[in-house]
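Data first, discussion second: the structure below is written as structure tokens.
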Protein chains: 2
Amino acid sequence: MLASWFRLKYPHVAIGALASSAPILQFDYITPWTSFYDGVSQDFKSESLNCFSVIKATWDVLDERGSNDAGLLELSKMFRACKTVKSVYSFRNWLWTAFTYTAMVDYPTPANFLENLPAYPVKEMCKIIDGFPTSADILNKAFAAANLYYNYTGNQTCFQIEDGDDPHGLSGWQWQACTEMIMPMSISSESMFPPDNFSYADRSEECFTSWGVRLRPHWITTEYGGYKIDKVLKRFGSNIIFSNGMRDPWSRGGVLKNISSSIIALVTEKGAHHLDFRSATKDDPDWVIEQRRQEVEIIQGWIDQYHEDMAQISS
Amino acid sequence: MLASWFRLKYPHVAIGALASSAPILQFDYITPWTSFYDGVSQDFKSESLNCFSVIKATWDVLDERGSNDAGLLELSKMFRACKTVKSVYSFRNWLWTAFTYTAMVDYPTPANFLENLPAYPVKEMCKIIDGFPTSADILNKAFAAANLYYNYTGNQTCFQIEDGDDPHGLSGWQWQACTEMIMPMSISSESMFPPDNFSYADRSEECFTSWGVRLRPHWITTEYGGYKIDKVLKRFGSNIIFSNGMRDPWSRGGVLKNISSSIIALVTEKGAHHLDFRSATKDDPDWVIEQRRQEVEIIQGWIDQYHEDMAQISS
């Protein structure tokens, strides 16, 4: 996201940008607010309807069983918490993160971006859920699935479910998401998460409580545009690649069509969150190899053009 | 200047810009620092070498005659000051402004932009100076020339030479020129002004004294570019007209060559500070009429293109 904006605002500093998995349209009313969680849900549903349904049913069961101290203690044991968990919301967040981030990195190759994960991790998670007898405890199923995300390497003996640390430095993003990067996201009743509406007023209160700041929800579209971006950039700007893998729920807020001959959308059906930026591996499918080849070819074209322009000065 | 930057930074808000007399290259080391005062001097020299020489000789004489209270009192009478002037620098600034701003509005039509002035005011000023006998008091010549600038309508009975008001609201610009808009300007020994070097350090001290702020001399080129602007914008950006009249000393810091098919330089040999923006008059020469016609035609093209793009959406 930053790469494309950098190119647009500082064309004298960067001659081009490769913006991979950049949801530059996930602001204001440009993209439907339910699209992110619709995307996560679609990833799971496409692998297994049972898997999707189990996860969808998890939240109510979790709320019920965690409604008192005895329940929380029992859940803490089941979820191998390092310390007894005091709020059912901690379990909820822990599971939520596992499902959401796994969808984001639903690669055809093992991930090492957020956590270590196998190739096609949504498929693997659903295999775990589907491997249980139908009658098994639904929370056992959900825990086993989350275990793939948090403990694929198998070296965790317990989990910091409450007051976990911030290994990915995401608190910086939380601040940004409370000031300039206001992405309204709601959850439809068709998704595998509990339905939820987004409210600017509520978010503003949360942000004020957490950071002492108020939202500037229209800053980003004022500064960088977004509405009718194809019409704007067709006649303005150049040298940007927007690459998106459709398995990434963020792709729904991305640029998925070519805007001009030098503002290009590269869309892959199966990729996920900037897979093209991960190191090449021997397991890369042909379409990832081809995508990276195209990106290098286009960027090489920009550099060649730059050198031609510079040669014209001296001639 | 603002128009072109607005188009570059907010292409989603403005589909095009007409930037007339915009010295966007008068920053850092892009344009020679002496160019502005060289331009003013050239305007006067091109009308009359005597006129140029009289003005060039004025400064030393003024300094000498204003070096004591008796001299200042005498000068105050000669210059019809409303109140006795306490510093010779006030006379100097008063004359300086008259010569500089007259060069800026050296139009073929009467000006009403800064002060009321006749058509071709530099020629008129030089006629006044050249009309004196060679032996006349040089300061009488300079005063008579400045009188054209400050009192063309003839309704001033005395002049606020010291602590004048700010009829054009230029103090706002002074603040801007102390923070983001740092235009280094020095004066060569070939010009009609006393030679002067620009120093970032000295300017910084002046600005701190006046406004309590420090310069950010590289802000403008960091934010908007400027170095190799033709190479940058040839491949990026669209729909800007840079119009310049070469009689305007600011034109030397402007964009004087086409950058691309839609970033266009319109240069007129005789125009001055955004003459094209003044109301049409019956005295307009053909080349001004033609310049305005071209500008309207180009802008109409942008608007037509916009409507075509919009029509494509609905079709």
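Reminder, nothing fancy here: chain letters follow the sequence lines and each chain counts from 1.
Residues satisfying the ring pair (Phe, Tyr, Trp, His ring centres under 6.0 Å) criterion with Phe236(A), sequence neighbours excluded, are Phe236(B).
The stretch residues 15-24 of chain B participates, sequence neighbours left out, in no salt bridge (Lys or Arg N to Asp or Glu O under 4.0 Å) pair at all. Listed by first and then second residue, the disulfide (SG to SG under 2.5 Å) pairs that reach into residues 230-276 of chain A come to none, sequence neighbours excluded.
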So which N and O atoms of chain A and chain B form donor-acceptor pairs under 3.5 Å?
{"unit_1": "Lys9(A)", "atom_1": "O", "unit_2": "Lys9(B)", "atom_2": "NZ", "d": "1.9"}
{"unit_1": "Lys9(A)", "atom_1": "NZ", "unit_2": "Lys9(B)", "atom_2": "O", "d": "2.0"}
{"unit_1": "Tyr10(A)", "atom_1": "OH", "unit_2": "Glu223(B)", "atom_2": "OE1", "d": "3.4"}
{"unit_1": "His12(A)", "atom_1": "NE2", "unit_2": "Thr221(B)", "atom_2": "O", "d": "3.2"}
{"unit_1": "His12(A)", "atom_1": "NE2", "unit_2": "Thr222(B)", "atom_2": "O", "d": "2.7"}
{"unit_1": "His12(A)", "atom_1": "NE2", "unit_2": "Gly225(B)", "atom_2": "N", "d": "3.1"}
{"unit_1": "Thr221(A)", "atom_1": "O", "unit_2": "His12(B)", "atom_2": "NE2", "d": "3.2"}
{"unit_1": "Thr222(A)", "atom_1": "O", "unit_2": "His12(B)", "atom_2": "NE2", "d": "2.7"}
{"unit_1": "Glu223(A)", "atom_1": "OE1", "unit_2": "Tyr10(B)", "atom_2": "OH", "d": "3.4"}
{"unit_1": "Gly225(A)", "atom_1": "N", "unit_2": "His12(B)", "atom_2": "NE2", "d": "3.1"}
{"unit_1": "Lys234(A)", "atom_1": "NZ", "unit_2": "Gln312(B)", "atom_2": "OE1", "d": "3.0"}
{"unit_1": "Arg235(A)", "atom_1": "O", "unit_2": "Ser238(B)", "atom_2": "OG", "d": "2.2"}
{"unit_1": "Arg235(A)", "atom_1": "NE", "unit_2": "Asp309(B)", "atom_2": "OD2", "d": "3.1"}
{"unit_1": "Arg235(A)", "atom_1": "NH2", "unit_2": "Asp309(B)", "atom_2": "OD1", "d": "3.0"}
{"unit_1": "Ser238(A)", "atom_1": "OG", "unit_2": "Arg235(B)", "atom_2": "O", "d": "2.2"}
{"unit_1": "Asp309(A)", "atom_1": "OD1", "unit_2": "Arg235(B)", "atom_2": "NH2", "d": "2.9"}
{"unit_1": "Asp309(A)", "atom_1": "OD2", "unit_2": "Arg235(B)", "atom_2": "NE", "d": "3.1"}
{"unit_1": "Gln312(A)", "atom_1": "OE1", "unit_2": "Lys234(B)", "atom_2": "NZ", "d": "3.0"}

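For Leu8(A), the parts sitting under 4.5 Å from any heavy atom of chain B are the backbone and the side chain alike.
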